[in-house]
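Just so we're on the same page: letters track the sequence lines, and every chain starts at 1.
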Number of protein chains: 2
Amino acid sequence: MIFSTELLKGTLKTIVLKMLSDTDRMYGYEITQRVKELTGDKIQITEGALYPTLHALEKDGLVTTQIEYLGKRQRKYYLISKAGKGAAKERVNEFTEFAQTIATLLDIKTNMA
Amino acid sequence: MIFSTELLKGTLKTIVLKMLSDTDRMYGYEITQRVKELTGDKIQITEGALYPTLHALEKDGLVTTQIEYLGKRQRKYYLISKAGKGAAKERVNEFTEFAQTIATLLDIKTNMA
DNA sequence: TACTATGCATTGATTTCTTATGTATATTTG
DNA sequence: CAAATATACATAAGAAATCAATGCATAGTA
């Protein structure tokens with residue numbers, strides 16, 4: 001991860017909710033790989049951070065799960081719920097506003113939509 | 001603070017270094033008020049977060065301090081060091097890149113400079 | 001005189017994430 | 001075919017950053 005990990009804090013749930021909002025369903029390992037791919041290896045989600053987050057989202061009713069098997073190997077799919085979709089939108093909006101606010105503070109020229 | 005506080009994590013040092021880079025010197029309370037003012041009350045730095053941060057910056061040689069008195073009231077000024085200026089620039093650049101990366105992930109249209 | 005603002009600071013608890021570890025199957029490569 | 005790597009789940013101990021609360025003290029205001 002090229003970013004000082006501090007910055008990443010607080011964005012993980014937002015990222016996961018957004019990923020799941022844009023697809024039918026995803027499994028944990030798939031999320032880590034997709035994020036890595038989409039960010040050109042800049043963001044690497046660790047499993048120790050991801051799984052507790054997924055479990056928390058499930059507990060809060062923002063995602064549901066389906067377990068399937070490929071041969072003997074287990075795979076646990078996560079699906080966004082209706083509440084989860086709402087939460088995803090809220091969080092994306094919040095991040096957008098947050099980034100703009102910080103950018104202003106830091107004198108970064110921005111035109112974020 | 002309107003932002004879920006999670007997001008703020010990791011940006012505090014960057015904000016403080018930038019504030020100090022843009023001024024001769026500032027004291028703690030002044031920083032909290034200035035950030036509040038510049039963000040339209042959206043970001044409120046708490047003292048429990050600020051002072052440990054300032055002390056850490058001092059310990060790392062990124063800021064120096066001057067104590068003055070207004071009558072009997074103590075005021076502790078923080079000044080950016082040369083190393084601090086460099087760190088500020090690095091961190092601002094890092095935040096910019098980070099925000100762009102996340103924005104891409106979240107499908108936020110952005111044109112950040 | 002009481003409340004609010006200014007100004008420093010610490011402490012305990014909480015949240016979030018990292019690093020390390022554990023278990024197991026599947027695939028690729030020398 | 002053995003060893004290494006990739007896939008796939010997960011937990012646990014600890015670190016790091018922040019919050020909420022508290023404490024002390026002076027200054028100004030209602």
Could you encode protein contacts along nucleotides 22-29 of chain D as a string, one character per nucleotide from 5' to 3', using B for base contact, S for sugar-phosphate-only contact and - for no contact, with a heavy-atom cut-off of under 4.0 Å? ----BS--
Interatomic distance, [X] [atom1] vs [N] [atom2] [rounded to whole Å]:
| X | N | atom1 | atom2 | answer |
| --- | --- | --- | --- | --- |
| A:Arg34 | D:dT7 | CZ | C1' | 18 Å |
| A:Gln44 | C:dT19 | CD | C1' | 14 Å |
| A:Lys13 | C:dT15 | NZ | C1' | 9 Å |
| B:Ile67 | C:dG7 | CD1 | P | 15 Å |
| A:Gln74 | C:dA26 | CD | C1' | 15 Å |
| A:Glu30 | D:dA8 | CD | P | 9 Å |
| A:Leu50 | C:dA20 | CG | C1' | 17 Å |
| B:Arg75 | C:dT6 | CZ | P | 10 Å |

So does [X] get a side-chain nitrogen or oxygen closer than 4.0 Å to the phosphate oxygens (OP1/OP2) of [N]?
| X | N | answer |
| --- | --- | --- |
| A:Tyr27 | D:dA8 | yes |
| B:Tyr51 | C:dC8 | yes |
| B:Thr46 | D:dT18 | no |

Counting only side-chain heavy atoms from C-beta out, which of C:dT6, C:dC17, C:dA9 sits nearest to B:Lys76?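 In terms of side-chain proximity for B:Lys76, the closest of C:dT6, C:dC17, C:dA9 is C:dA9.
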Checking contacts here: which listed nucleotide (C:dT19, C:dC8, D:dT18) is nearest the side-chain heavy atoms of B:Leu12? D:dT18
Show your working on side chain to side chain contact (heavy atoms under 4.5 Å, CB included) between A:Ile80 and A:Leu17 and close with a plain yes or no. CA-CA 7 Å; A:Ile80 195 97; A:Leu17 285 171; 3.7 Å; yes
Please report the C-alpha distance between B:Ile15 and B:Ile31 in whole Å, then the side-chain angles of each, then the deciding distance to 0.1 Å, and finally whether the side chain to side chain contact (heavy atoms under 4.5 Å, CB included) criterion is met. CA-CA 9 Å; B:Ile15 291 171; B:Ile31 294 174; 5.7 Å; no
Give the ring-plane orientation class for B:Phe98 versus A:Phe95, where under 30° counts as parallel, over 60° as perpendicular and anything between as tilted. perpendicular
Below 30° counts as parallel, above 60° as perpendicular, anything between as tilted: where do the rings of A:Tyr27 and A:Tyr77 land?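 A:Tyr27 and A:Tyr77: perpendicular rings.
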Mind running a 4.0 Å heavy-atom check of residues 52-62 of chain A against DNA chain D and sending the residues that fall below it, in number order?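 Correct list: A:His55.
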If the test is side-chain hydrogen bond (donor to acceptor under 3.5 Å, both in side chains), which one of B:Gln74, B:Arg75, B:Arg25 qualifies with B:Glu68?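 With B:Glu68 as partner, B:Gln74, B:Arg75, B:Arg25 yield a single side-chain hydrogen bond (donor to acceptor under 3.5 Å, both in side chains), made by B:Arg25.
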Does a salt bridge link A:Glu94 with A:Arg91, judged by any charged N lying under 4.0 Å from a carboxylate O? no
Quick one: pull up OG1 in B:Thr53 and CD in B:Glu58 and give me the separation to the nearest 0.5 Å.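 One gets 13.0 Å once the value is rounded to the nearest 0.5 Å.
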To the nearest 0.5 Å, tell me how far A:Thr101 OG1 sits from B:Leu38 CG.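 Atom-to-atom, A:Thr101:OG1 and B:Leu38:CG are 11.0 Å apart.
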Closest-nucleotide 5' rank along DNA chain C - winner of B:Tyr29 and A:Gly48: B:Tyr29
Do A:Lys18 and A:Thr14 pass the side chain to side chain contact (heavy atoms under 4.5 Å, CB included) test, and can you show the C-alpha distance, the side-chain angles, and the key distance before you say yes or no? CA-CA 6 Å; A:Lys18 173 68 177 170; A:Thr14 306; 5.5 Å; no
